[in-house]
Amino acid sequence: MKKTFLVLGAVVIFMASFAKADLAKEKTVVATATMTNHAEFQSNPGEKLINKNDCLGCHNKTNKIIGPAYVEIAKKYPATDKNINMLADKIIKGGTGVWGNMPMTAHASLKKDDAKLMVKYILSLKK
């Protein structure tokens, strides 16, 4: 009886080890395919810059995460040169208080022109 349980236990562990390996491979393939397909649909240079930087850790196109959703930002700010410059500076310098108490991290290494492209893309999402 003990040998039967021991053998069954070994078989279950053996089979489970293969199932985990296959699942890990599937996740890798799906993630790679998703990233590749998503990159193909990025035609806007501002969107490419957003995806290349750490923006998606706090922001999402349609849903609030830590920071506001891009569509909410677009609703709040008209796409004027003044707003584009102000928001580009906010991306570079960081800030707090407009959307709550959580501060936005500064991105000091980002070029002003790149920040403007990102802002123009975000403001283009206004519905």
Side-chain angles (χ1 to χ4, degrees):
M1 185 76 164
K2 288 182 184 180
K3 285 184 181 179
T4 304
F5 284 124
L6 183 61
V7 171
L8 284 175
V11 170
V12 168
I13 291 171
F14 180 73
M15 292 179 73
S17 68
F18 284 111
K20 288 180 184 178
D22 291 342
L23 183 60
K25 286 179 187 176
E26 287 177 23
K27 284 183 180 179
T28 303
V29 170
V30 169
T32 303
T34 302
M35 287 174 28
T36 303
N37 290 340
H38 185 66
E40 290 173 6
F41 294 111
Q42 297 174 6
S43 60
N44 188 296
E47 183 181 14
K48 288 179 184 178
L49 286 166
I50 286 170
N51 290 326
K52 185 175 143 184
N53 287 284
D54 65 347
C55 307
L56 298 177
C58 296
H59 299 279
N60 181 281
K61 194 178 210 178
T62 56
N63 300 316
K64 178 185 183 346
I65 300 178
I66 294 171
Y70 296 142
V71 293
E72 292 299 316
I73 296 169
K75 284 181 190 176
K76 184 170 182 143
Y77 298 101
T80 64
D81 286 339
K82 181 180 176 183
N83 286 337
I84 291 168
N85 281 316
M86 182 267 301
L87 292 170
D89 286 339
K90 192 166 271 278
I91 291 171
I92 294 169
K93 296 176 185 173
T96 187
V98 177
W99 297 93
N101 294 327
M102 182 62 75
M104 185 170 100
T105 308
H107 299 85
S109 63
L110 194 62
K111 295 177 186 174
K112 176 87 178 227
D113 288 338
D114 288 345
K116 283 183 173 182
L117 286 172
M118 295 162 80
V119 171
K120 287 177 183 177
Y121 166 71
I122 291 168
L123 297 182
S124 74
L125 299 173
K126 185 174 186 174
K127 295 185 180 194

Which atom names give the shortest non-hydrogen contact between [X] and [Y], and what distance separates them?
{"X": "Lys116", "Y": "Ile84", "answer": "CG-CG2, 3.9 Å"}
{"X": "Trp99", "Y": "Lys76", "answer": "CZ2-CD, 3.4 Å"}
{"X": "Gly57", "Y": "Ile65", "answer": "O-CG2, 4.1 Å"}
{"X": "Leu87", "Y": "Ile73", "answer": "CD1-CG2, 4.4 Å"}
{"X": "Ala74", "Y": "Leu125", "answer": "CB-C, 4.0 Å"}

Counting neighbours of [atom1] on [X] that are heavy atoms of other residues, nucleotides or ligands and sit closer than 6.0 Å, is the number greater than 12?
{"X": "Lys52", "atom1": "NZ", "result": "no"}
{"X": "Lys112", "atom1": "NZ", "result": "yes"}
{"X": "Lys64", "atom1": "NZ", "result": "yes"}

Look at the aromatic rings of Tyr70 and His59 and report parallel, tilted or perpendicular, splitting at 30° and 60°. parallel

Rounded to the nearest 0.5 Å, what's the gap from [atom1] on [X] to [atom2] on [Y]? Could you check?
{"X": "Leu49", "Y": "Lys111", "atom1": "CG", "atom2": "NZ", "value": "10.0 Å"}
{"X": "Ile122", "Y": "Glu47", "atom1": "CD1", "atom2": "CD", "value": "10.5 Å"}
{"X": "Lys61", "Y": "Cys55", "atom1": "NZ", "atom2": "SG", "value": "14.0 Å"}
{"X": "Leu56", "Y": "Ile50", "atom1": "CG", "atom2": "CD1", "value": "7.5 Å"}

Is a side-chain donor or acceptor of Asn44 paired with a backbone partner of Gly46 at a separation under 3.5 angstrom? yes

Donor-acceptor under 3.5 Å (Asn83 side chain, Ala79 main chain): no

Side-chain contact, heavy-atom cut-off 4.5 Å: Asp54 with His107? yes

Step-by-step side-chain contact (heavy atoms from CB on, under 4.5 Å) determination, Ile91 to Met104: CA-CA 8 Å; Ile91 291 171; Met104 185 170 100; 4.0 Å; yes

